[in-house]
Asker: 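I'd like to ask some things about the structure below.
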Amino acid sequence: MQKSFSKNGIGLKGESHIDLIRGRDRLPREFYLRDVLIVAPEILGKYIVVRLQKGLYSKFRITDVEAYRGSEDKACHASKGRTVRTDIMFREGGYLYVYLIYGIYWMLNVVTGCEDDPQAVLIRGVDNISGPGKTTKMLKIDSSFNKEDLVSSDRIWIEGTGVLPDFRTGHRIGIDYAGEYWKSRPWRYYI
DNA sequence: TCAGTGATTAGG
DNA sequence: CTAATCACTGAG
């Protein structure tokens, strides 16, 4: 765990517990409304804050993400149409899309773009944690976070500066079923 | 390399 | 109702 905060406001210098609750530096709706290929790299280096229990928060720097872009992207769950599960991806950006994979691991995604254009950023890793399943385990993310609004939630949000760290790109992981073209899109971004 | 694990989905 | 699938991980 990179940072945790007691009820007394112990934590990063200049930040109090109350600042955290209010999400003083949280990213606004507009950040998420842009195309996923813009938002995904810009999420790198920003911090995801999650309430672990009353008065205790964890804060991790995001280091590894992937973009899933629209109905035409064969790797995007929404490419098979609008279903109960994928409905949230069709909403405007800023919501969370959380689902279970292989019966064990929760995947954490941030919806981006405009309404009716299903896009999301998969959070693949944070500082010292590699892999999307391990990341949600560490952050204690489960189905109860599905459809949560990062802009107004009192238990999860993203904050950070506009400084973009150096990053690399690569192909997305675990989407062999999507075919060569979509598999080869360089839509993984990592520090 | 490969099994584990259960929600989601399409199809009868 | 059934069966297939799966943005993964860790053991060997």
Side-chain angles (χ1 to χ4, degrees), chain A residues 1-2 27 31-32 34-48 50 58 60-114 116-150 156-158 167-191:
Chain A
M1 183 175 313
Q2 189 176 59
L27 299 174
F31 177 87
Y32 304 103
R34 300 169 297 160
D35 191 277
V36 69
L37 297 184
I38 302 294
V39 178
E42 286 198 20
I43 283 183
L44 292 175
K46 293 192 166 49
Y47 293 84
I48 184 159
V50 183
S58 64
F60 287 85
R61 189 177 69 135
I62 298 168
T63 59
D64 192 351
V65 301
E66 282 174 359
Y68 289 85
R69 188 170 186 261
S71 302
E72 63 166 6
D73 178 4
K74 289 286 187 286
C76 181
H77 289 169
S79 68
K80 296 197 190 81
R82 193 165 185 159
T83 65
V84 172
R85 182 175 67 157
T86 63
D87 184 69
I88 187 63
M89 274 202 282
F90 288 79
R91 297 196 63 178
E92 64 177 357
Y95 294 90
L96 293 182
Y97 167 40
V98 179
Y99 68 93
L100 187 68
I101 190 71
Y102 300 117
I104 308 177
Y105 305 103
W106 295 102
M107 298 289 101
L108 173 61
N109 298 259
V110 176
V111 175
T112 68
C114 302
D116 294 326
D117 186 8
Q119 308 183 333
V121 177
L122 169 67
I123 308 297
R124 282 199 71 85
V126 294
D127 266 336
N128 304 318
I129 309 291
S130 294
K134 290 197 286 187
T135 296
T136 53
K137 186 177 179 185
M138 176 64 55
L139 293 174
K140 296 203 177 342
I141 299 292
D142 59 23
S143 66
S144 73
F145 284 85
N146 191 32
K147 303 186 183 183
E148 195 85 0
D149 184 6
L150 289 172
I156 187 168
W157 62 86
I158 297 175
F167 64 90
R168 294 172 180 276
T169 62
H171 68 268
R172 296 173 292 177
I173 308 299
I175 55 161
D176 289 352
Y177 61 87
E180 259 323 301
Y181 178 77
W182 296 106
K183 206 172 126 184
S184 64
R185 292 311 89 203
W187 291 351
R188 181 187 182 194
Y189 308 86
Y190 58 101
I191 297 175

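The figures here come from the full heavy-atom set of this structure, side chains too, leaving out hydrogens, waters and symmetry mates. Lettering follows sequence order; numbering is per chain, from 1. Please read these numbers as outputs of a predicted model, since none were measured by experiment.
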Asker: Supply the atom-to-atom distance A:Ile123 CD1 to A:Leu44 CG, rounded to the nearest 0.5 angstrom.
Answerer: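 It comes to 8.5 Å.
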Asker: Could you tell me whether the side chain of A:Thr112 and the main chain of A:Val39 form a donor-acceptor pair under 3.5 Å?
Answerer: no
Asker: In this structure, which one of A:Arg172, A:Arg124, A:Arg185 forms a salt bridge (charged side-chain N to carboxylate O under 4.0 Å, His left out) with A:Glu66?
Answerer: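 Of the listed options, the one satisfying the test is A:Arg124.
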Asker: Can you find a pair of side-chain heavy atoms, one from A:Tyr189 and one from A:Ile43, that are under 4.5 Å apart?
Answerer: no
Asker: Mind listing the residues from residues 97-105 of chain A sitting with a heavy atom below 4.0 Å of DNA chain B? Number order is fine.
Answerer: A:Leu100, A:Tyr102, A:Gly103, A:Ile104, A:Tyr105
Asker: Does any non-hydrogen side-chain atom of A:Leu108 lie less than 4.5 Å from one of A:Thr135?
Answerer: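 SC-SC contact between A:Thr135 and A:Leu108 ruled out.
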Asker: Syn if the chi torsion is within 90° of 0, anti otherwise; quick check, which is B:dA7?
Answerer: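 You should classify B:dA7 as anti.
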Asker: Quick one: does A:Val111's side chain get under 4.5 Å of A:Leu96's, heavy atoms only?
Answerer: no
Asker: With pairs defined as Watson-Crick or G-U wobble and both distances under 3.5 angstrom, please note down DNA chain B as a dot-bracket string, | for pairing with another strand.
Answerer: ||||.||||||.
Asker: Kindly say whether A:Met89 contributes a backbone atom to a donor-acceptor pair with the side chain of A:Thr86 at under 3.5 angstrom?
Answerer: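 No, A:Thr86 side chain to A:Met89 backbone: no donor-acceptor pair under 3.5 Å.
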Asker: Using a heavy-atom distance cut-off of less than 4.0 Å, which residues of residues 70-80 of chain A contact DNA chain C?
Answerer: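 By residue number: A:Ala75, A:His77.
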Asker: ring-ring contact (aromatic ring centres under 6.0 Å, His included) with A:Phe31: which residues, sequence neighbours excluded?
Answerer: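 A:Phe31 satisfies ring-ring contact (aromatic ring centres under 6.0 Å, His included) with no other residue.
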Asker: Do A:Tyr32 and A:Ile158 make a side-chain contact, defined as non-hydrogen atoms from C-beta onward lying under 4.5 Å apart?
Answerer: yes
Asker: When we call it a touch if two heavy atoms are under 4.0 Å apart, what does A:Arg172 touch: a base, just sugar-phosphate, or nothing?
Answerer: nothing
Asker: Working to the nearest 0.5 angstrom, can you tell me the gap between A:Glu148 CD and A:Tyr95 OH?
Answerer: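 Here the rounded value is 10.5 Å.
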Asker: State, yes or no, whether a side-chain contact exists between A:Ser79 and A:Asp73 at a heavy-atom distance under 4.5 Å.
Answerer: no
Asker: Quick test of your reading: applying salt bridge (charged side-chain N to carboxylate O under 4.0 Å, His left out), list the pairs with at least one residue in residues 130-141 of chain A, sequence neighbours left out, ordered by first then second residue.
Answerer: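 Pairs touching residues 130-141 of chain A that pass the test: none.
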Asker: Can you list, in residue-number order, the parts of residues 174-191 of chain A that come under 4.0 Å of DNA chain B, counting heavy atoms only?
Answerer: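 Correct list: empty, so none.
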Asker: When the C1' atoms of C:dG10 and B:dA7 are compared, how many Å lie between them, rounded to an integer?
Answerer: 22 Å
Asker: Taking the side chain as everything from C-beta on, heavy atoms only, tell me whether A:Arg85 gets closer than 4.5 Å to A:Tyr97.
Answerer: yes
